[in-house]
Colleague: 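Handing you this structure, nothing more for now.
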There are 4 protein chains.
Amino acid sequence: MSEHEDEQLVGEYPSLPKQKRSQQKRDALLESGRALFIEKGYEQTNAKEIASHAGVATGTFYRYFTDKRQLMMSLLEDQLEKLLPPEPNWTNVDPESFFATLLEQHYKRLNRLGLHRVLPELLLKDPQLAEVVAEARKKIHARILVSLKNAREQGIVWADLDLDTVSWSIMVLSDKIPEKLTECGNQADYSKLAKVICRLVFPPDVLKQLKLNKK
Amino acid sequence: MSEHEDEQLVGEYPSLPKQKRSQQKRDALLESGRALFIEKGYEQTNAKEIASHAGVATGTFYRYFTDKRQLMMSLLEDQLEKLLPPEPNWTNVDPESFFATLLEQHYKRLNRLGLHRVLPELLLKDPQLAEVVAEARKKIHARILVSLKNAREQGIVWADLDLDTVSWSIMVLSDKIPEKLTECGNQADYSKLAKVICRLVFPPDVLKQLKLNKK
Amino acid sequence: MSEHEDEQLVGEYPSLPKQKRSQQKRDALLESGRALFIEKGYEQTNAKEIASHAGVATGTFYRYFTDKRQLMMSLLEDQLEKLLPPEPNWTNVDPESFFATLLEQHYKRLNRLGLHRVLPELLLKDPQLAEVVAEARKKIHARILVSLKNAREQGIVWADLDLDTVSWSIMVLSDKIPEKLTECGNQADYSKLAKVICRLVFPPDVLKQLKLNKK
Amino acid sequence: MSEHEDEQLVGEYPSLPKQKRSQQKRDALLESGRALFIEKGYEQTNAKEIASHAGVATGTFYRYFTDKRQLMMSLLEDQLEKLLPPEPNWTNVDPESFFATLLEQHYKRLNRLGLHRVLPELLLKDPQLAEVVAEARKKIHARILVSLKNAREQGIVWADLDLDTVSWSIMVLSDKIPEKLTECGNQADYSKLAKVICRLVFPPDVLKQLKLNKK
DNA sequence: GATGAATGAGGATTCATTCAT
DNA sequence: GATGAATGAATCCTCATTCAT
């Protein structure tokens with residue numbers, strides 16, 4: 001057998017759960033893994049704990065996952081794509097409100113996943129997983145970039161900024177919201193940050209016009 | 001040298017090395033710790049490896065540090081403050097070049113430290129250390145904020161943005177440079193990012209004026 | 001069986017063994033611990049040895065005991081009270097034979113426990129355990145004292161001796177039998193020591209009378 | 001070199017200290033060893049601590065002793081023989097006062113040595129040392145036995161007791177004084193125990209006569 | 001399928017002893 | 001002689017993984 005046999009993203013499941021009870025157990029394990037990874041960190045959580053938190057025996061864990069790394073991968077697979085932002089139609093929205101709402105939603109999703117707290121640790125130790133994450137980030141980045149390019153074609157974004165850099169900046173700032181809220185403490189910062197992001201994208205006069213359009 | 005000179009934040013060392021050879025060993029251990037933490041991750045590195053990488057016996061490690069956590073703390077203490085940005089005089093510099101240079105320096109420092117790759121992992125598991133880091137970040141944030149406030153008094157920054165949010169954004173974007181360079185691959189992105197940051201701070205006409213002043 | 005039945009003095013076990021096989025392993029570990037403590041001394045025995053002597057893996061030891069100290073405590077708990085002497089009815093027994101038999105039994109019990117050889121070492125290093133042992137000794141002392149007091153009320157013991165001191169002396173001499181047999185080598189010394197003890201308790205004429213009563 | 005080269009009692013000294021400074025250091029080490037053995041137990045004390053308590057470097061310890069075992073042996077050699085009781089002249093003393101005084105002195109010596117607290121631990125792990133101690137005890141036992149035999153020739157001890165057992169009992173009870181004082185707390189128990197011991201030796205009428213002789 | 005007891009390699013740490021200064 | 005830093009074998013304990021029930 002090749003050492004690389006599980007180089008598809010998540011590897012083969014020890015068994016493909018087809019029945020309802022099985023699926024429930026697998027879900028319980030995923031959820032317990034997520035909760036414990038967030039609470040105590042990836043490294044500090046072991047398979048036994050995940051199993052017992054999910055109300056199953058240690059051995060059962062290994063029926064559904066080869067190890068906690070695979071469970072982690074499944075979590076990521078399930079959820080990373082949920083972070084893709086929607087494609088906005090700039091002429092229909094108030095960009096500041098739009099970004100503020102987006103940031104809040106993004107923050108809530110990040111918080112629900114919670115994984116952003118453990119990811120950095122994992123990326124270092126698990127290059128395969130790092131790739132999965134990088135891929136997801138590239139998608140997000142690309143999605144933002146496309147929006148910006150569309151907007152530029154409409155002549156509504158700064159002409160002198162590198163859109164790739166701008167979209168990357170938006171992504172980074174969005175990702176760091178949880179940290180900002182922790183560091184600065186103010187729960188209503190979304191609109192402030194939304195304003196900052198809008199400045200990166202729209203010249204003030206354009207922004208004013210867009211707001212008027214909306215109303 | 002006073003016996004108490006480094007009894008601050010990190011607690012007492014198992015032994016305060018007084019002799020030159022000792023200091024060399026301690027330094028070798030610190031450097032090995034740094035290198036291995038960066039290379040393999042904090043969790044994946046153990047005291048034995050650090051010692052052997054530094055060319056000393058396992059026991060010697062414990063002569064100088066109570067455990068690898070303390071070594072980590074020492075690394076941070078030694079180096080976090082080196083990340084403080086200088087206080088700029090906006091009327092004397094071309095802001096874009098200034099930021100580009102700053103970003104490049106910051107990137108090089110981060111890379112030299114390398115610790116940014118292991119920090120996230122640690123912050124989760126070690127609240128005491130998290131505090132040290134948060135403190136350092138607050139200092140950096142504050143330093144940037146002060147610069148911006150001075151600039152605002154000179155009427156040279158956007159009047160409608162929250163400076164706290166702007167300075168936080170600058171810090172976050174700076175910190176993520178290593179990641180950007182990895183993700184996007186382009187080593188000459190500093191000026192692009194510098195432009196983006198300048199847009200957050202200076203209205204375009206002000207910026208043009210500042211550039212002229214410089215010349 | 002109640003889950004709480006042995007949560008007394010020794011604290012909770014890492015796991016309360018419920019199954020028969022488990023109980024067997026736990027017992028095997030206890031027995032191995034006892035044997036090795038006696039053979040090599042407490043300090044000289046480690047968990048790995050106890051486990052391998054019991055035919056289980058090191059980790060299994062830690063499933064049943066937090067450390068060897070707890071195993072020691074369990075041994076003591078199980079067995080100290082077995083050393084309590086029976087309450088004699090002086091008018092029904094030949095005191096010399098009674099004591100001789102008692103001494104022999106006590107000796108055999110001590111030998112079976114074997115712990116008397118390691119106890120002194122432990123008492124110094126483990127005050128909690130020292131308390132357990134002191135408590136047991138106090139019970140034994142008290143039991144002897146009660147017997148003597150009853151006998152004195154019947155007017156059959158020396159009137160001029162301090163009964164507390166006498167009962168303490170009996171306890172001490174009994175405890176040292178193993179040492180005496182080692183030092184002096186004579187296995188049939190029980191009756192000699194019994195005579196000595198009888199002299200501490202009964203005036204010769206009373207003793208003669210008691211012997212007659214018996215016959 | 002033979003593995004048995006130090007089978008004389010204490011082994012060869014790494015160096016025979018002839019000079020005053022050396023002798024002082026050696027004494028300081030012995031005293032520190034004694035103090036720490038008593039305070040923390042033999043096993044719990046290490047060479048480094050003994051050295052530092054004596055105000056010398058670790059290496060110096062090994063100049064004077066091959067290891068802490070040898071230091072222990074030296075302590076015993078120096079002091080065990082001090083425990084030999086004096087030869088009494090029964091016709092000249094009040095036996096009860098004599099024994100009471102003897103017990104008190106013995107107790108004080110034991111306490112000064114303090115070693116009785118660590119001996120049991122050692123005897124088990126170090127048969128060579130056990131022999132040294134057994135030898136010393138035999139001497140003490142013999143000394144008491146001789147006294148008793150002399151007394152018996154004068155017809156002043158019980159005729160029906162085994163003198164060997166009686167002398168052994170006296171030794172054991174004497175050795176346990178520290179424990180009795182701890183267990184029972186009464187510092188003035190010497191005379192009570194002296195009475196008990198006298199009962200083992202002298203018939204009451206003889207004792208009365210001896211007391212009269214004294215006066 | 002499910003269980004959870006058992007495994008044992010591996011990490012963290014200590015300390016008796018040596019030896020360069 | 002004296003020093004104390006350095007050594008590394010040995011110990012304690014954990015936990016990912018297996019497997020008999």
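Protein chains get the first letters and strands the later ones, always in sequence-line order, with residue 1 at the start of each. For the numbers below, each heavy atom of this structure counts, side chains included, while hydrogens, waters and symmetry mates do not.
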Colleague: Between B/Thr45 and B/Gly41 (side chain of the first, backbone of the second, donor and acceptor by atom type, cut-off under 3.5 Å), is there such a pair?
Modeller: yes

Colleague: Provide the closest heavy-atom pair for A/Leu29 versus A/Ala51 in the form atom of the first, atom of the second, distance.
Modeller: CD2-CA, 3.9 Å

Colleague: May I ask you to establish whether B/Lys68 and B/Tyr42 are in a cation-pi arrangement, using a distance under 6.0 Å from NZ or CZ to the six-membered ring centre and at most 45° from the ring axis?
Modeller: yes

Colleague: What are the two closest non-hydrogen atoms of D/Tyr62 and D/Asp67, and how far apart are they?
Modeller: CE2-CA, 4.4 Å

Colleague: Give the B/S/- string for nucleotides 8-17 of chain F, one per nucleotide from 5' to 3', where a protein heavy atom under 4.0 Å of the base yields B, of only the sugar-phosphate yields S, and otherwise -.
Modeller: B--SSBB-SB

Colleague: Of all the heavy-atom pairs spanning B/Ser32 and B/Ile50, show the shortest one and how long it is.
Modeller: CB-O, 3.6 Å

Colleague: Only counting residues at least two apart or in another chain, list the ones meeting salt bridge (Lys or Arg N to Asp or Glu O under 4.0 Å) with A/Glu31.
Modeller: A/Arg34

Colleague: Tell me the closest heavy-atom pair linking D/Gln70 and D/Thr66, and the distance in Å.
Modeller: OE1-N, 2.9 Å

Colleague: So which heavy atom on B/Glu49 is nearest to which on B/Gln44, and how close?
Modeller: OE1-O, 3.5 Å

Colleague: Could you state the atom-to-atom distance from CD of D/Glu49 to P of F/dG4 in whole Å?
Modeller: 16 Å

Colleague: Dot-bracket for DNA chain F, please, read 5' to 3', with Watson-Crick or G-U wobble pairs under 3.5 Å on both distances, ( ) within the strand, [ ] crossing, | other strand, . unpaired.
Modeller: .||||||||||||||||||||

Colleague: When the distance from NZ of D/Lys40 to C1' of E/dC15 is rounded to whole Å, what number comes out?
Modeller: 12 Å

Colleague: Roughly how many Å is it from CD in B/Gln70 to P in E/dT13, rounded to a whole number?
Modeller: 11 Å

Colleague: Would you kindly give the CD-to-P distance between D/Gln24 and F/dA2, to the nearest whole Å?
Modeller: 11 Å

Colleague: Whole-Å distance between F/dG1 P and D/Gln23 CD?
Modeller: 12 Å

